[in-house]
Each structure stands twice: as C-alpha cells, then as structure tokens.
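Read the structure below first, then the notes.
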2 protein chains.
Amino acid sequence: MFSKATEYALRATIYIARKSSEEHKLGIEEIAKAINSPKSFTAKILQKLTANNGIISSVRGPGGGFYLSSKAQKRPVRDILHVMEEDGVLGKCVLGLKKCSEAMPCPMHAEYKGIKQQLIQLFEHTTIQQLAHDADRIIPSNKQGRH
Amino acid sequence: MFSKATEYALRATIYIARKSSEEHKLGIEEIAKAINSPKSFTAKILQKLTANNGIISSVRGPGGGFYLSSKAQKRPVRDILHVMEEDGVLGKCVLGLKKCSEAMPCPMHAEYKGIKQQLIQLFEHTTIQQLAHDADRIIPSNKQGRH
DNA sequence: ATAATTAAGGACAAAAATATCCTTTATTTT
DNA sequence: AAAATAAAGGATATTTTTGTCCTTAATTAT
Ligand code: FES
Ligand code: FES
C-alpha cells in the first residue's frame, strides 16, 4: 500500500508519540532499533517530517533528539502521508490513468471510489495519538510496568 | 495502489478482452499503442500472463497474436493480480509488518481490515468480461460504428 | 573556550523496478 | 523448402527507491 519510506515514517512517528515528550526526547539510534528500520534512511525521513510540516520536533546536541508536541499528537495520520507520498494511493487510479476522477473514469472506478473514500476518511479521522494509544493497547510499552 | 507492471497487465487484458477473439488476434504493437505502455515491457507482461496462468492465449507466426478465450473472459480480476503481484496490497500491512494478520495486528489493523476485505471482494467478484464491458460503456470501441 | 553529543545534510552505493534491444522459436504463406 | 511474420526469451540499460557513510552545524556540559 505504501512505500518503505512511508511505512518507516508511520512507525517512527507512532513510536515517538508513545515514548517521547518535550522533556524526554529520543535519539535516532533508539528509534530505528525499536521500529526495525535502517538508521540513516530513517534519519532522513525524520528530517523530512521535521522540516516539511513540523509533525516531528527535534533538538540537536546533548539531551537532544526527537519528540512530538502535544499539538502534533492530535494531527491526523494523513498529514504524514501528505509529506511522504508525492501523490499516493489516494489520488491514483487502479488501472494507472493519470488521475482517478469522475471526469475520466476507468472501468474499475465506480466500484472503487467508495472504498477509496473510506481509506481517505480513515487516514483523515485517525490521529497519531489514537494510533499510539492503540499500539500501547496491543503491545504495552513497559513504561507503566506491571504493578 | 499497484505497480506499473500490474497496471499494464490490467489495461492490456481488458483491451484484449474488448477487441480480440480466437478468430481475430491482436499484435503487441497494437496493444501497447492502445493502452499507452512501453511495447517490450508489455510483451514480457503478456508472456507472464500467458505462461503462468493461461489468462491470455497467444499464437506465433503470421495471423498470430494475443486473445482471450471466452473461458478466460469469465475469470476474476484477482487472477491477474495473483500472477503479477508477488504478495501485493492485499496481504501487506499498512505499517509494513511482515504480514497483516489478526495474530499480530498493528494499530491500524482493526480499522483497516474491513476496507481490505472490500478490496479483496471487489477483485474476486469482478470478472475481466465485466471490466471490458464497462470500458466499452465508458469509451465505446468503434467496432459497432455510430448507427 | 573546548570538548562532547546529536540532528542536518551532502555524496555515494546497492537493489529493485521499469524499459529497450536483439536473437531464437514457432507458425503460416509463398 | 524458403521467406515472412509474430511471440518467446535472454541480455542489457535506465530510473527510482532504498540504504550507507561521512562531514557540518547546533547545542550542551566541562
Ligand atoms: S479512474 Fe481508475 S480508479 Fe478512478
Ligand atoms: S497488521 Fe497492519 S494492517 Fe493488518
């Protein structure tokens, strides 16, 4: 569905959302290890998410690293996709026409558009925070401990 | 959504379904021109569809070319995807986990699985014939003429 | 100020996807 | 049988995506 780069972007952002705060930033080493991605490649992706749309925040130097502001936590997943995927699944035609549109629909369009709309809604309505919370539910972070 | 190769496979198959018969086969030149794809690359794809699963039929030599048997016309689109996409969107996890599954779900899984199921159903239930017919409806082939 | 730390950024490398070209094989027509 | 036609298949080239490495810049601690 997405490129490797986008997958890493999503996984990294979710991880950062779960584990970081303005007081506790995370290094690229830890992040890449945690989400099982190539370190330097992931670094570039985080740069992109930091520069292009301010989804991720970063600080250099000792004690520095990456974190998500609480404002960024509330942003929809689609903001990540928007930075990462030039056009992406959302705008593309199943059969590869230049553009998926009503004006020039391919023979799959009528049946596909509803599904596409659901995908768009999903990414629009799901926030980073929600994913982070869900991830915690599935694979509890060990922050809280086990009483 | 799909690779270029898969897009060409779908477009080519639909075109062949619309325009060919066992009595009137189509050459690679015509097909590639019609669907706006690189000729030799498309040739390889048709080879694959001919060899791997018998979706497309071919005959060499003068009067030869590609065509779809009426039996092949009734096959689901998913048969094309199965030949073209090693694993494909249908099996992959949104966040890039090795496998999209209930056993090891990512935080997008619960919301995504319903949409994925719809996609699978769409490709399973839509036949090549239906797409060809729909294509004719949208962009009438000039076979029938204009009254 | 100097040293240490950590992200930013540029240059480069490897792998995969896409695309082209040329030779071979099967089939038909002459 | 020979020539012509059209797909099959192998080798190679190009482009894009993915991944690595090294230097630079910012920030903090000594
Ligand atoms: S035009 Fe092809 S999916 Fe919309
Ligand atoms: S496990 Fe990620 S989408 Fe199913």
Side-chain angles (χ1 to χ4, degrees), chain A residues 1-13 16 20 22-33 35-68 83-89 92 96, chain B residues 1-13 16 20 22-33 35-68 83-89 92 96:
Chain A
M1 158 141 278
F2 296 124
S3 66
K4 290 278 180 200
T6 300
E7 290 174 358
Y8 299 153
L10 292 168
R11 296 218 298 270
T13 306
I16 295 167
S20 84
E22 188 147 8
E23 298 81 47
H24 179 68
K25 308 186 188 75
L26 308 177
I28 184 62
E29 190 92 38
E30 173 187 350
I31 295 167
K33 204 160 284 175
I35 69 169
N36 187 32
S37 69
K39 191 178 75 172
S40 294
F41 190 47
T42 306
K44 294 238 184 291
I45 291 164
L46 296 189
Q47 266 176 51
K48 214 168 173 180
L49 291 169
T50 302
N52 276 39
N53 212 344
I55 293 162
I56 293 175
S57 307
S58 76
V59 176
R60 298 194 230 191
F66 298 94
Y67 68 98
L68 250 76
V83 173
M84 296 306 299
E85 304 254 317
E86 203 60 29
D87 29 87
V89 226
K92 282 201 289 191
Chain B
M1 160 141 277
F2 296 125
S3 66
K4 290 276 181 202
T6 300
E7 289 175 357
Y8 299 153
L10 291 168
R11 297 220 296 272
T13 306
I16 296 169
S20 83
E22 187 148 8
E23 298 80 47
H24 179 66
K25 307 184 188 77
L26 307 178
I28 185 63
E29 191 92 37
E30 174 187 348
I31 295 166
K33 205 160 282 174
I35 68 168
N36 188 32
S37 69
K39 191 177 75 171
S40 295
F41 191 47
T42 307
K44 295 242 183 288
I45 291 163
L46 296 189
Q47 268 176 50
K48 214 169 173 179
L49 291 170
T50 301
N52 276 39
N53 212 343
I55 292 161
I56 293 175
S57 306
S58 76
V59 176
R60 297 194 230 193
F66 298 93
Y67 68 99
L68 250 77
V83 174
M84 296 305 299
E85 303 254 317
E86 203 60 30
D87 30 86
V89 226
K92 283 201 288 192

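Chain letters run A, B, ... following the sequence lines, proteins first, then strands; residues in each count from 1.
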Going 5' to 3' along DNA chain D, which are the first and last nucleotides with any atom under 4.0 Å from a heavy atom of chain A? D/dT18 to D/dT28
Within the 4.0 Å heavy-atom criterion, would you say A/Leu46 contacts the bases, only the backbone, or no part of the nucleic acid? nothing
Residue whose nearest DNA chain D nucleotide is more 5′ - B/Phe66 or A/Phe2: B/Phe66
Just to be sure I understand the geometry, which residues of residues 5-13 of chain B put a non-hydrogen atom under 4.0 Å away from DNA chain D? none
Quick one: side-chain contact (heavy atoms from CB on, under 4.5 Å) partners of A/Val89, sequence neighbours excluded? A/Met1, A/Phe2, B/Met1
All side-chain contact (heavy atoms from CB on, under 4.5 Å) counterparts of B/Glu30, not counting sequence neighbours: B/Tyr15, B/Leu26
Measure CD1/B/Ile28 against C1'/C/dT20 and give the value in whole Å, please. 13 Å
In this structure, how many angstroms lie between the C1' atom of C/dA14 and the NZ atom of A/Lys4, rounded? 15 Å
Short of 4.0 Å, heavy atom to strand atom, which residues of residues 54-64 of chain A count as contacting DNA chain D? A/Arg60, A/Gly61, A/Pro62
Could you state the interatomic distance from OG (B/Ser58) to CG (B/Leu49), rounded to the nearest 0.5 Å? 11.0 Å
Non-hydrogen side-chain atoms of A/Met84 and A/Ile45 separated by less than 4.5 Å: yes
Quick one: A/Lys39 NZ to C/dT6 C1', roughly how many Å, whole number? 11 Å
First locate atom CG of A/Asn36, then atom CZ of A/Arg11, and finally report the distance between them rounded to the nearest 0.5 Å. 6.5 Å
Starting from P on C/dT6, measure out to CD1 on A/Ile31 and report it in whole angstrom. 12 Å
Rounded to the nearest 0.5 Å, the CZ atom of A/Phe66 sits from the CG atom of A/Leu46 at a distance of 4.5 Å
Which pairs pass ring-ring contact (aromatic ring centres under 6.0 Å, His included) with one or both residues in residues 39-65 of chain B, sequence neighbours excluded? B/Tyr8-B/Phe41
What does A/Lys44 touch in the nucleic acid at a heavy-atom separation under 4.0 angstrom: a base, only the sugar-phosphate, or nothing? base
State the OH-OG distance between A/Tyr67 and A/Ser57, to the nearest 0.5 angstrom. 4.0 Å
Can you tell me the distance, in whole Å, between the CZ atom of A/Phe41 and the P atom of C/dA13? 18 Å
dist B/Ile55:CD1 -> B/Thr13:OG1 (nearest 0.5 Å) comes out at 6.5 Å
Counting only N and O atoms by type, is there a donor-acceptor contact under 3.5 Å from the side chain of B/Glu85 to the main-chain atoms of B/Ser3? yes
Minimum heavy-atom separation for A/Lys25 and A/Val59, please, with both atom names. CE-CG2, 3.7 Å
